[in-house]
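What's counted below: heavy atoms across the whole structure, side chains too, no hydrogens, waters or symmetry copies.
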Amino acid sequence: MTDAPSPTPAVLHPRPQFRRDNWTDLGGIWRFAFDDDDRGLGQRWYDRAAGHPDPYDRTIVVPYPPESKLSGVHEPGFHLVVWYERAVEVAAPATGERVLLHFGAVDYRATVWVNGRRRGEHEGGQSPFTLDITDDLDPGRAAQSIVVRAEDQPRDLTQPRGKQTWKAEPHAIFYDRTTGIWQPVWLERVPAVHLARLAWTPDLGAGAVLLDVELNRMPETPRTVRVRLTGPDGAVLAERTGRVERDTARMTVEIPALASLDGAGLLWSPETPTLLDAEVVLEEVPDAAADVVSGYVGLRSTGYRDGFFLLNGRPYYLRMALEQGFWPESHLAAPSEEALRREVELIKELGFTGVRIHQKAEDPRFLYWCDRLGLLVWGEMANAFEFSERAVTRLTTEWQQLMRRDHSHPCIVTWVPMNESWGVPNLMESAQQRAYISALYWMTKALDPSRPALSNEGWEHTVSDIWGVHDYTPDPDSLTRRYGDADALAETLHEAGPGRRKVFAEAAERAGQPVVITEFGGLSYLPEAGQKWFGYGIVGDQDDLRDQFTGLVDAILDAPGVSGFCYTQLTDTRQEKNGLLTEDRSPKLPPETIHAIVTRPSRALATEAVDAQRRSAARAADGGREGGPR
């Protein structure tokens, strides 16, 4: 067997917004086997009693993928099928109690057996799934056997994979594969009828938050749900009791303190990331245990108007970095809980107020730290690379699952289901493919109308709430020519577009959508001879990097019609050496220098402030009535 390091036991719950006290982390050493000939099913590798020789010839540290160093396996080649097995001590459940087995993410198709019995399967390499394993537990066993078979087909380009390469080695902008288990695995004990999902949606206009409650099944008799929200000082801000007669219910939880002019300081933002502690109790029938779930709520609104992104009803200039969420020693999996927190702290230290998670559904614990420390997030789907009925079904199914998982995070302020026409290569010529990305937008808005959404981030939009534009010119003057005044901006949007790409796939009329330069920069040091490298612009030394970075950011900040940016990228990632930080998260420029460049005032926001003063003065002159000159 291969020796493998043991990870630090989990401290933070894998789903910090939906946590129970009674849970068991299953991270750590599992037995492991490659199944390159796909013999495992026929030889019943899932059943120790099958009589075949033990196939598990090595160990792996879960939740690190076998391609990575931290897994202890570190074999990045093609292995289409992998198996995991672990014997777990599970105390017999009490009467009426159920035992749930949770997987944060398994890439790409997972099948799970418990004590040799097939319990369930899941398709989708980024989304979570849960299995009730109570009936598979054997009280006669000292330990219960959990087996996972994961299948990941690198050359199946209909699989949503994001930036995982389908070739033997990383190339261009594509990185190492992440196969199998790469997010936490854990057990929880719950009542027979229990809370399956809570979705919080702030309604600041009503001074309330909406709570959608889902149970695991239809209850035989109505259940009582008790909700309590507590402020940062420990004071109870709201309490509500309701009845759940079916397996879903919606409750309005009024928060009287929100009625004050400033929301009593309760509103969430990067500058003031206020969170309310939440406790939801589902009461069972008399004398049965209740299901108690703890979490938190962030009160904020998002939207757009007059060419600006709005946060809590006010224009907010977006200063973002592109976040690949990739670590050299653990790939898409974070190397530790502390690494997730430190990533958020670094981003804020550099002056950014947000990130665009790129081609990945990030770990909920990362989103927790964005919620807790105050960082805006654009939530993005990992895309497929081909267009077909199968690809459409796969992506839309997994995207819905991820939106359900992440709905309640206040940090997520924009949804991005598609990037740069990935998976829709003939978008400009194909009405079918344009219908697909438009349908993605409308489906996203149907599931969550509270956030802006984009049909296709970067170019070739059909219908989008934010017009994201990717522009990798290394020349600041070119940015000024394209965005420096209203006429230049209009020509860029509706005529040529940067990089020989049209901004719109169909004619679009502006109805207040902001224009955001959502990828630019990509500056990299001159690569050494023979070095694997990919970048967009070359700089010679640290001074050159500082000057070029300053010029590009200044050109966007000085563009009056642009209301935000996202710099490519936060960190070097494999051969893509264009980060502000190296792969080990060391800054290439002093953090205070980057901070000063990123946080310089924007011309667009200054212009909006003047316009707002004029509107206010006009309303005052009109007797304070709304609807005057704007």
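- The shortest side-chain heavy-atom distance between Leu367 and Val377 falls under the 4.5 Å cut-off.
- Seen from the ring of Tyr108, Arg394 does not count as a face-on cation partner, given the 6.0 Å and 45° thresholds.
- Taking the charged nitrogens against the carboxylate oxygens, Arg356 and Glu380 do have a contact shorter than 4.0 Å, which makes a salt bridge.
- Between the side chains of Ser464 and Ser455, at least one donor N or O sits under 3.5 Å from an acceptor N or O.
- Remark: Glu121 does not engage Arg109 in a salt bridge, criterion side-chain N to carboxylate O under 4.0 Å.
- Glu528 CD: 12 or fewer foreign heavy atoms inside a 6.0 Å radius.
- Results of the salt bridge (Lys or Arg N to Asp or Glu O under 4.0 Å) test with Glu85 over Arg58, Arg31, Arg149 single out Arg31 as the only residue that passes.
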Should Glu67 and Thr179 be marked as a side chain to side chain donor-acceptor pair (under 3.5 Å) after you check the CA-CA gap, both sets of side-chain angles, and the distance that decides it?
CA-CA 7 Å; Glu67 293 91 348; Thr179 295; 2.6 Å; yes
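- With 3.5 Å as the limit, one finds a donor-acceptor pair spanning the side chains of Gln159 and Asp152.
- Arg197 and Asn216 form no side-chain donor-acceptor contact under 3.5 Å, judged by distance and modelled atom types alone.
- Residues Gln126 and Glu398 have side chains that never bring a donor and an acceptor to within less than 3.5 angstrom of each other.
- Side-chain contact of Ser68 with Glu329: a donor-acceptor pair under 3.5 Å is absent, judged by distance alone.
- Heavy-atom contacts from other residues, nucleotides or ligands closer than 6.0 Å to CD of Glu338 number more than 12.
- Salt-bridge annotation for Asp572 and Lys577: absent, with no side-chain N of the basic residue lying under 4.0 Å from a carboxylate O of the acidic one.
- Between the side chains of Tyr317 and Thr353, not a single donor N or O lies within less than 3.5 Å of an accepting N or O.
- For the residue pair Gln164 and Asp176, no side-chain donor N or O sits within less than 3.5 Å of a side-chain acceptor on the partner.
- Looking only at atom types and distance, the side chain of Trp533 has a donor-acceptor partner in the side chain of Ser524 under 3.5 Å away.
- Between Gln153 and Glu151, the side chains place a donor N or O and an acceptor N or O closer than 3.5 Å (distance only, hydrogens not considered).
- Figure legend: Arg15 and Tyr368 shown without cation-pi pairing, the cationic atom not lying both under 6.0 angstrom from the six-membered ring centre and within 45 degrees of its axis.
- A donor and an acceptor atom, one from each side chain of Glu457 and His470, are located under 3.5 Å apart.
- A 4.5 Å side-chain heavy-atom check between Pro65 and Ile181 finds every atom pair outside the cut-off.
- Nearest heavy-atom pair across Cys566 and Ala321 is SG-C, 3.5 Å.
- Residue pairs satisfying the ring-ring contact (aromatic ring centres under 6.0 Å, His included) criterion with at least one member in residues 161-184, sequence neighbours excluded, are listed as follows: Trp166-His171, Trp166-Phe174, Trp166-Phe385, His171-Phe174, Phe174-Phe385, Phe174-Trp422, Tyr175-Phe326.
- A salt bridge is absent between Glu169 and Arg574: the closest approach of a Lys/Arg side-chain nitrogen to an acidic carboxylate oxygen does not fall below 4.0 angstrom.
- In this structure, Asp584 places its CG atom where more than 12 heavy-atom neighbours from other residues, nucleotides or ligands lie under 6.0 Å away.
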side-chain contact (heavy atoms from CB on, under 4.5 Å) between Asp371 and Tyr296, worked out:
CA-CA 9 Å; Asp371 292 336; Tyr296 59 88; 2.5 Å; yes
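- Trp83 and Asp35 share a donor-acceptor pair across their side chains, judged by distance under 3.5 Å alone.
- A donor atom on one side chain and an acceptor atom on the other are not found under 3.5 Å apart for His122 and Thr111.
- Listed by first and then second residue, the ring-ring contact (aromatic ring centres under 6.0 Å, His included) pairs that reach into residues 566-599 are Phe520-Tyr567, Phe549-Tyr567, sequence neighbours excluded.
- Remark: the Tyr536 side chain and the Asn578 side chain contain no N/O donor-acceptor pair separated by less than 3.5 Å.
- Donor-acceptor pairing under 3.5 Å is lacking for the side chains of Gln144 and Asp136.
- Residues Leu100 and Leu131 have side chains not in contact (no heavy-atom distance under 4.5 Å, counting atoms from C-beta outward).
- Glu592 meets the side chain to side chain contact (heavy atoms under 4.5 Å, CB included) test with Pro590; sequence neighbours excluded.
- Between the side chains of Tyr441 and Asp465, at least one donor N or O lies within less than 3.5 Å of an accepting N or O.
- Side chain to side chain, Ser408 and Trp200 fail the donor-acceptor criterion of an N or O pair below 3.5 Å.
- Salt bridge annotation for Arg341-Glu337: absent, with no cationic side-chain nitrogen under 4.0 angstrom from a carboxylate oxygen.
- Within the 4.5 Å cutoff, no side-chain heavy atoms of Leu447 are placed close to those of Trp415.
- Asn456 and Ser421 form a side-chain donor-acceptor contact under 3.5 Å, judged by distance and modelled atom types alone.
- In the displayed structure, Glu89 atom CD is contacted under 6.0 Å by at most 12 heavy atoms of other residues, nucleotides or ligands.
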